[in-house]
Amino acid sequence: MQSPQKSRAHPYMASSTDDARAQMLAAVGAREVEELFEQIPGDHRVSRGISLPPQLVAEADLRRHLTEVLGRTRSCEENLSFLGAGCWQHHVPAVCDEIGRRAEFLTPVWGTPSSDQGRMQAWFEFTSQLGELLALDFVGLPVYSWGCAAGHALRMAARLTGREEVLVPRGMDPERLAVVRSYCGSPELERHLRLVPVEHDPATGRLDLADLRGKLGGRTAAVYVETPTYLGVVESDMAEIAALARAAGAETIMGVDPISLGVLAPPGELGADIAVGTTQTLGVHMNAGGGVGGFIASRDEERYAREFPTLNVSICDTVVPGQRGFGMTLFEQSSYGAREGGKDWTGNSVYLWAVVNAVYMSLMGPQGFVELGETVLQRSHYAARRITELPGVEVRWPQGFFREFVVDFSGTGRRVAEIDAALRDRGIFGGKDLSQDFPELGEAALYCVTEVHTQTDVDRLVEALREVTA
Amino acid sequence: MSEQLRRYHAAVWDEPLVMEMGAPGRRGTRIPDTEPGIAQTVGPAEDLVPRGMRRAAPPALPELTEPEVQRHYLHLSQQTMGMMGISLFGTCTMKYNPQLGEQVVARPEVAEVHPHQHESTMQGLLQVVHDFDLVLRELSGMDRFVFQAGGGADAAYLHACLTRAYHASRGELGQRTEIITTAQAHPCNPATAAAAGFDVITLPLEGDGYPSVAALEAALSDRTAALMVNNPDDMGIYNPHIKRWVELVHEAGGLCFYDHANFNGVMTRIRAADLGFDACMFMLHKTFGVAKGGGGPAVGAYGCTAELERFLPGPLVTRDEEGYHLVEQGPEGVGRVREFLGNVPQVVRAYAWARAMGAAGMREAADISVLANNYMEQRLLRIPGVTKSQPHLTERRLEMTRYSLGELTERTGVTAHDVQNRMVDFGIDAFWLSHEPWIVPEPFTPEAGEMWSKEDLDYWMDVLAHVCDEAHRDPDLVRTAPHRQVIGQLDGSALDDPERWATTWRAHRRKRPAAG
């Protein structure tokens, strides 16, 4: 065997050899590659070399560089984190990671029912299992995030009702609200939605029904309400809110985190017309916020189905008798089918997460969701009770919340930022600082406790808080 | 010829739906028990939920063991061809997604980071985001990139939002209500413009393969808010008047957005800012080696000039002598188009890819992708029934060429869809036809990219030639394909019938209880 010629070909590119290049050039009848760029006028081309950081083509070099740089990040694995507020730390089963890294799911772009039937089925299992959690029959393929789902749903309601005013909770996540604002558009343009905030009752944290009644009317396209709310409170007047909206001819859009639906009543049983929410909690790592995803669901009524901006997968037959397949339904109303005539727009979303979500829901099963909900309820309430033992520290709404609760440090005379800094020194990430977004709550923070937090963790937090607020 | 083709057959597991699997009582995962001390303190969980808000019956989910779930989804993965065969899915730039990227983003320093962590705890990640911004600045000439948009369409939407913010800041939004695009721009451009509240003007293509300067001039007015355009387009045609276009739009008071979906062939040769554009977008899941995930999570990296920077959505990643910072934007900004900083793991993967390639590697990748496309073209045009869009244009196409099977259809009745369905019988991932509107009948659009070998490209073309030959000899064989796939051809008659469509198992059981 001849010893191979020294090659400096790039490992990602098969035609990075002189031979391959020569063969293809000969076939196309060109002497050099540059001839093939003849369409681009000379004065359009970069006049100098592109200057990028040095190439690290050897994987060993690149790996070392990446791990060194990334190593300057502190994670919620090595620290004890109580951050939630739109992105939550739940346990991710190992099987979710295994399936999410399968090259067949990870690398393709799109495919068709003929080539990628397995993925189509996995998507249908995502929508089917999510539908069971929500008690709703029509579930679209995922959208970018909860905020994007809420924005699309509000626009669906505006098209359904021909109205342009949407009511949203004033206490909603500012991050999510900023997304919704983008989706509502600008008043200078003819087609836009008017966003009207509805107050919450300061005593309970729940929506202020009197304020809602006052603002509901003939111009209202939708009432958007979340349970639990951003500030953690279970919205126990859900059914009444839906009834009020219906009486005004408005759609009820309910925002939920499916992780809560083992113990909390599902939107389909509370009168929601459309449900939206996150998919991140269903087996997806936080990924510095890159784990977020969203869903839109409704009752399976044509009126709603015809307004979905998502791509939608349906079970169907094949030409083989008795055989099942999965294909796209209502494709023509998407922007792929109808360009600017489509329902909003669609494109890449978080389809890989949908497969992971399906795996997660299959692993959890009915008991898993119930038990997880119970553990979260008990551990988060335990944390709230322990924290209220601390002098000068109050929990704003100590009952009737799920997973998250507002802690007010005003009585300690310390700012949340100071407390957080001191906690960080002790390896703890305190809850999301609310003092800028909700100054009326005082020096408050939103603490999040899930099934990953043990009693020992909570006790450690309480002792650390005792020290830093003393 | 068929002797040389692979005897491919897809895996057929006859895999049931997960909803039908398992048995009562089986568990796929167990949840940590609440400690007795906690239960004593707070009491039973159900008492912690307000009355009327408790779930009455557990959700009707399947009950499976952990290995059953794993095997089921492994079977479904095996029933997915993806990039395991040869995928030349045009406009999407199929390329290698380095495993190193997967390894590093699985580390807790990426996966287990919360977006609201204090910036002092995220320095490594922020450095990667910042340094990758610098890479894209150099490749585009833009002054600042953000990664919040969750895909190319989301970046187009971001541009429409930024256009609103820009004209609103000048008090002109009420008047500037029109966004101009072309028939060859991706559908997301007109769709996002309309969703943002603008009226859309779509310029048709003319003889040269792109709209004329005169057509653009006729569309421009004091109502013009922006131009959204790609170049080269999906036919591999480069509009040589693009600089003039940008000048004209600027003279009319509009912004110019470069949808760089087709960047692979012009990488390191063309910079959006040099051509005068105000903003551009790169898809990290196409050009920059990030896995596509079957449709995301993705990133539409959006960059703009310094003049537009204050309109970008926050937070921005900045650097000073103390380190990296997350800085909120002022009230003139877009706000958010999606929560948080964006798909950060994808940025890490793209950064890794960019470092592995370097400027020279990117140049080589662009060269190969254009060379390989031209290599394919000379062979494909020799296959009976295959023609090229705009055949009178003799200049070399860039990284893609749009072809037509119209002649094959006329002769045999076999359509591009049929050919697509038959090629998957040979391990060829379904090819891309064309975005709406179709410019040529029965279109298809392969894109060779830089990853695939000449043998791979030859095999792809061997299969197409074989199927076109089959279409002449035995058209029914092609029309009834696939034959060596997981399932037979879909009967799509139910898909758009409200009485029969079912996007969930519960809907299916209600509508078709007998079908099971």
> Given a strict heavy-atom distance threshold of 4.5 Å, which part of Gln378(B) is in contact with chain A: side chain, backbone, both, or neither?
Replying inline: side chain
>> Please classify the contact between His72(B) and chain A as side chain, backbone, both or neither, with a heavy-atom cut-off of under 4.5 Å.
In response: side chain
>> At a 4.5 Å cut-off on heavy atoms, which part of Ala354(B) comes close to chain A: side chain, backbone, both, or neither?
In response: neither
>> Taking side chain as everything from C-beta outward and backbone as N, CA, C, O, which of these in Pro498(B) sits under 4.5 Å from a heavy atom of chain A? Side chain, backbone, both or neither.
In response: side chain
> Between Asp300(A), Thr346(A), Thr454(A), Val313(A), which has the largest tally of heavy atom pairs under 4.5 Å with chain B?
Replying inline: Asp300(A)
>> Can you tell me which portion of Asp456(B) sits under 4.5 Å from chain A's heavy atoms? Options are side chain, backbone, both or neither.
In response: neither
> For Thr503(B), which residues count as a side-chain contact (heavy atoms from CB on, under 4.5 Å) partner, sequence neighbours excluded?
Replying inline: Phe138(A), Asn312(A), Thr329(A)
> Which region of Gln117(A), side chain (C-beta onward) or backbone (N, CA, C, O), has a non-hydrogen atom less than 4.5 Å from a non-hydrogen atom of chain B, or is it both or neither?
Replying inline: both
>> Please classify the contact between Pro50(B) and chain A as side chain, backbone, both or neither, with a heavy-atom cut-off of under 4.5 Å.
In response: side chain
> Any Lys/Arg nitrogen of Arg269(B) or Asp274(B) sitting under 4.0 Å from an Asp/Glu carboxylate oxygen of the other?
Replying inline: no
> Quick one: what part of Ala358(A) sits under 4.5 Å from any heavy atom of chain B, side chain, backbone, both or neither?
Replying inline: both
>> Between the side chains of Glu35(A) and Arg396(B), is the shortest nitrogen-to-carboxylate-oxygen separation below 4.0 Å, so that they form an ion pair?
In response: no
> If you measure from the Lys or Arg side-chain nitrogens to the Asp or Glu carboxylate oxygens, is any gap between Glu132(A) and Arg506(B) under 4.0 Å?
Replying inline: yes
> Is it the backbone or the side chain of Ala502(B) that comes under 4.5 Å from a heavy atom of chain A, or both, or neither?
Replying inline: both
> For His381(A), is it the side chain, the backbone, both or neither that has a heavy atom under 4.5 Å from a heavy atom of chain B?
Replying inline: both
> Side chain, backbone, both or neither: which part of Val33(A) has a heavy atom under 4.5 Å from chain B?
Replying inline: side chain
>> Taking side chain as everything from C-beta outward and backbone as N, CA, C, O, which of these in Met357(B) sits under 4.5 Å from a heavy atom of chain A? Side chain, backbone, both or neither.
In response: both
> Salt bridge check: are Asp137(A) and Arg510(B) linked by an N-O gap of less than 4.0 Å?
Replying inline: yes
> Are Thr34(B) and Tyr382(A) linked by a side-chain donor-acceptor pair shorter than 3.5 Å?
Replying inline: no
>> What part of Phe89(B) gets within 4.5 angstrom of chain A, counting heavy atoms only: side chain, backbone, both, or neither?
In response: side chain
> Where on Tyr12(A) is there a heavy atom nearer than 4.5 Å to chain B: the side chain, the backbone, both, or neither?
Replying inline: both
> Where on Asn97(B) is there a heavy atom nearer than 4.5 Å to chain A: the side chain, the backbone, both, or neither?
Replying inline: side chain
> Are the charged groups of Lys243(B) and Asp43(A) less than 4.0 angstrom apart, N to O?
Replying inline: yes
>> For Asn79(A), which atoms come within 4.5 Å of any heavy atom of chain B: side chain, backbone, both, or neither?
In response: neither
> Checking heavy atoms, do the side chain of Tyr96(B), its backbone, both or neither come under 4.5 Å from chain A?
Replying inline: side chain
> Between Met84(B) and chain A, which part of the residue has a heavy atom less than 4.5 Å away: side chain, backbone, both or neither?
Replying inline: side chain
> Heavy-atom distance under 4.5 Å to chain A: side chain of Val424(B), backbone, both or neither?
Replying inline: side chain
> Tell me, side chain or backbone of Ile487(B) under 4.5 Å from chain A's heavy atoms, or both, or neither?
Replying inline: both
> Taking NZ, NE, NH1 and NH2 as the nitrogens, is one of them in Lys432(A) or Glu175(A) under 4.0 Å from a carboxylate oxygen of the other?
Replying inline: no
> Should Glu104(A) and Arg119(A) count as an ion pair when the cut-off is N to O under 4.0 Å?
Replying inline: no
> Which class fits the ring pair Tyr144(A) and Trp345(A): parallel under 30°, tilted 30 to 60°, perpendicular over 60°?
Replying inline: tilted
